[in-house]
Protein chains: 2
Amino acid sequence: MVSILLVDDHPMLRQGVAQLIEMEDGLTVVGEAGSGEQALLRAEELNPDMILLDLNMRDMDGIATLVALRERGVSACIMIFTVSDEHDDVVAALRAGADGYLLKDTEPEELLRSIVLASKGQPVYSPQLASVLASGVRDTRPDCGEMLARLTGREKQILRHISTGETNKTIARELNITEATVKVHVKNTLRKLALRSRVEAAVWVVENRLFE
Amino acid sequence: MVSILLVDDHPMLRQGVAQLIEMEDGLTVVGEAGSGEQALLRAEELNPDMILLDLNMRDMDGIATLVALRERGVSACIMIFTVSDEHDDVVAALRAGADGYLLKDTEPEELLRSIVLASKGQPVYSPQLASVLASGVRDTRPDCGEMLARLTGREKQILRHISTGETNKTIARELNITEATVKVHVKNTLRKLALRSRVEAAVWVVENRLFE
DNA sequence: GTGCTACTACTACCATGGTGGTAGTTTTCG
DNA sequence: CGAAAACTACCACCATGGTAGTAGTAGCAC
């Protein structure tokens with residue numbers, strides 16, 4: 001069962017989407033939010049599998065909400081669901097870590113199919129965005145520098161050790177802290193970088209030549 | 001207690017070295033071999049912590065022995081102990097994975113100190129080799145291509161997956177084999193490449209741009 | 001045929017890694 | 001000053017990774 005949080009400032013639209021989603025086996029709406037603020041609260045409270053996020057909300061920019069969600073470690077699959085097919089919006093969303101981008105004029109069946117696909121980890125984009133995507137924006141992530149800047153000094157230090165293949169134990173020894181503490185830093189680092197393992201972290205560092 | 005296997009085709013020299021080693025607390029000679037063939041047998045049989053290996057033996061080249069030892073997964077620290085200070089020999093030994101290189105004219109106390117150091121994982125070289133080492137041969141490893149060539153097709157395939165941060169489970173799924181089989185390949189790959197973890201493997205691949 | 005290599009699979013075991021939660025200290029900043 | 005962030009540490013728990021040994025199958029070479 002895929003749990004979904006709807007974020008949109010139009011109650012009617014939320015209702016429509018919710019109804020549609022509930023009709024599909026395997027999908028369920030566990031919460032709704034009408035603003036960025038509420039989205040942050042609900043996301044942490046409900047820990048949904050997926051968040052459908054509108055970009056154009058009154059109180060808080062959708063992109064800002066997206067960034068805030070990611071920074072708080074919300075691991076949900078975040079799908080943008082909006083009216084805007086503006087190049088800049090799409091790019092910004094992808095850079096901020098969106099897992100998909102659907103336009104609101106998508107047909108209901110298409111929307112459902114996309115949600116199911118996305119819930120399986122596959123990024124989904126509306127076909128209308130092909131031109132934008134093709135122009136090489138595929139790199140879903142923010143700048144490496146930006147990402148690195150989110151880490152504390154200690155975390156960067158430990159990331160560097162990870163990228164040389166060291167174990168938590170040896171890192172602890174070299175930094176004169178306990179392995180437990182190293183684990184804490186590793187965990188926080190992985191969360192902030194939205195990576196799933198130290199191997200991914202090591203590869204990311206080396207590929208982007210981050211400490212050279 | 002550091003267990004040592006002596007490999008040299010001169011019994012008298014073996015005896016002398018053995019006696020010297022036994023005088024040192026913490027070191028012990030667990031076996032001797034007078035040829036490359038014997039060295040392979042003894043190494044697998046005794047699984048020593050360290051192997052002192054002569055380069056100039058009648059039946060089998062010392063370098064060949066070294067390579068064969070490494071290919072069979074002998075994890076011992078292998079110290080070359082020989083008369084040759086030829087540039088090519090030193091380079092070949094280092095490339096083949098030697099952990100140290102000592103000349104036979106080394107003073108007894110110096111030899112002991114070196115063995116102790118090496119047993120702690122520190123590579124040790126006779127000072128006379130400074131010029132050779134300085135000329136940039138520090139890279140202990142064979143060519144990446146050479147290393148890769150030692151892997152089977154399946155192993156290379158799996159290494160590529162590792163280098164993208166995948167887990168054994170997902171690799172198994174994608175290749176339609178069981179996780180247990182993936183583990184076998186991972187283990188063999190790590191052994192052949194003399195690496196200690198998949199993280200090191202991933203970093204190695206990315207740093208050397210092996211699959212691009 | 002015999003022998004060798006590669007590939008597959010399984011078991012069992014232990015080490016390592018990652019998550020969640022709690023919590024005390026110090027540093028930083030408004 | 002007080003709040004927030006960073007760093008430290010420990011616990012318990014579960015997932016993943018790595019090692020060792022055994023073993024069956026297929027293909028290839030001598």
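Quick note on labels: first sequence line is chain A, next is B, and so on, each numbered from 1.
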Tell me the interatomic distance from [X], atom [atom1], to [N], atom [atom2], rounded to whole angstroms.
X         : N       : atom1 : atom2 : answer
Arg198(A) : dG17(C) : CZ    : P     : 5 Å
Lys192(B) : dC7(C)  : NZ    : P     : 8 Å
Ile158(A) : dT16(C) : CD1   : C1'   : 16 Å
Leu159(B) : dA6(C)  : CG    : C1'   : 17 Å
Ile177(A) : dA9(D)  : CD1   : C1'   : 10 Å
Glu179(B) : dA12(C) : CD    : C1'   : 15 Å
Ile171(B) : dT8(C)  : CD1   : C1'   : 16 Å
Leu151(A) : dC7(D)  : CG    : P     : 10 Å

- Message: Can you tell me which nucleotide in dG17(C), dT16(D), dG18(D) comes closest to the side chain of Thr167(B)?
- Response: dT16(D)

Phosphate-side-chain proximity, [X] and [N], N/O vs OP1/OP2 below 4.0 Å:
X         : N       : result
Thr152(A) : dC7(D)  : yes
Ser197(B) : dG17(D) : no
His185(A) : dA6(D)  : no
Lys169(B) : dT16(D) : yes
Asn168(A) : dG17(C) : yes
Thr178(A) : dC10(D) : yes

- Task: Kindly say whether Gly34(B) contributes a backbone atom to a donor-acceptor pair with the side chain of Gln38(B) at under 3.5 angstrom?
- Result: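 Confirmed, Gln38(B) side chain pairs with Gly34(B) backbone.
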
- Query: Is it true that Arg14(B) and Asp54(B) make a salt bridge, defined as a side-chain N closer than 4.0 Å to a carboxylate O?
  - Reply: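 The answer is no: the pair does not qualify as a salt bridge.
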
- Query: So, Gln157(B) versus Arg160(B): side-chain donor-acceptor pair below 3.5 Å or not?
  - Reply: no

- Side-chain donor-acceptor pair present, Glu155(A), His185(A), cut-off under 3.5 Å: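 Note: Glu155(A) and His185(A) side chains miss the donor-acceptor criterion.
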
- Query: Using a cut-off of 4.0 Å between protein heavy atoms and nucleotide atoms, how would you tag nucleotides 19-30 of chain D 5' to 3' with B, S and -?
  - Reply: BB----------

- Report the residue (Ala180(B) or Glu155(B)) whose heavy-atom-nearest nucleotide on DNA chain C is the more 5′ of the two. Glu155(B)

- Compare every heavy atom of Ala39(B) with every heavy atom of Leu5(B), then report the nearest pair and how far apart it is.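 For Leu5(B) versus Ala39(B), the nearest heavy atoms are CD2-O, 4.0 Å.
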
- Query: What heavy-atom pair brings Lys104(A) and Asp8(A) nearest, and what distance separates the two atoms?
  - Reply: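 Looking at all heavy atoms of both residues, the shortest contact is NZ-OD2, 2.7 Å.
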
- Item | Heavy-atom side-chain proximity of Phe81(B) to Leu6(B) below 4.5 angstrom | no

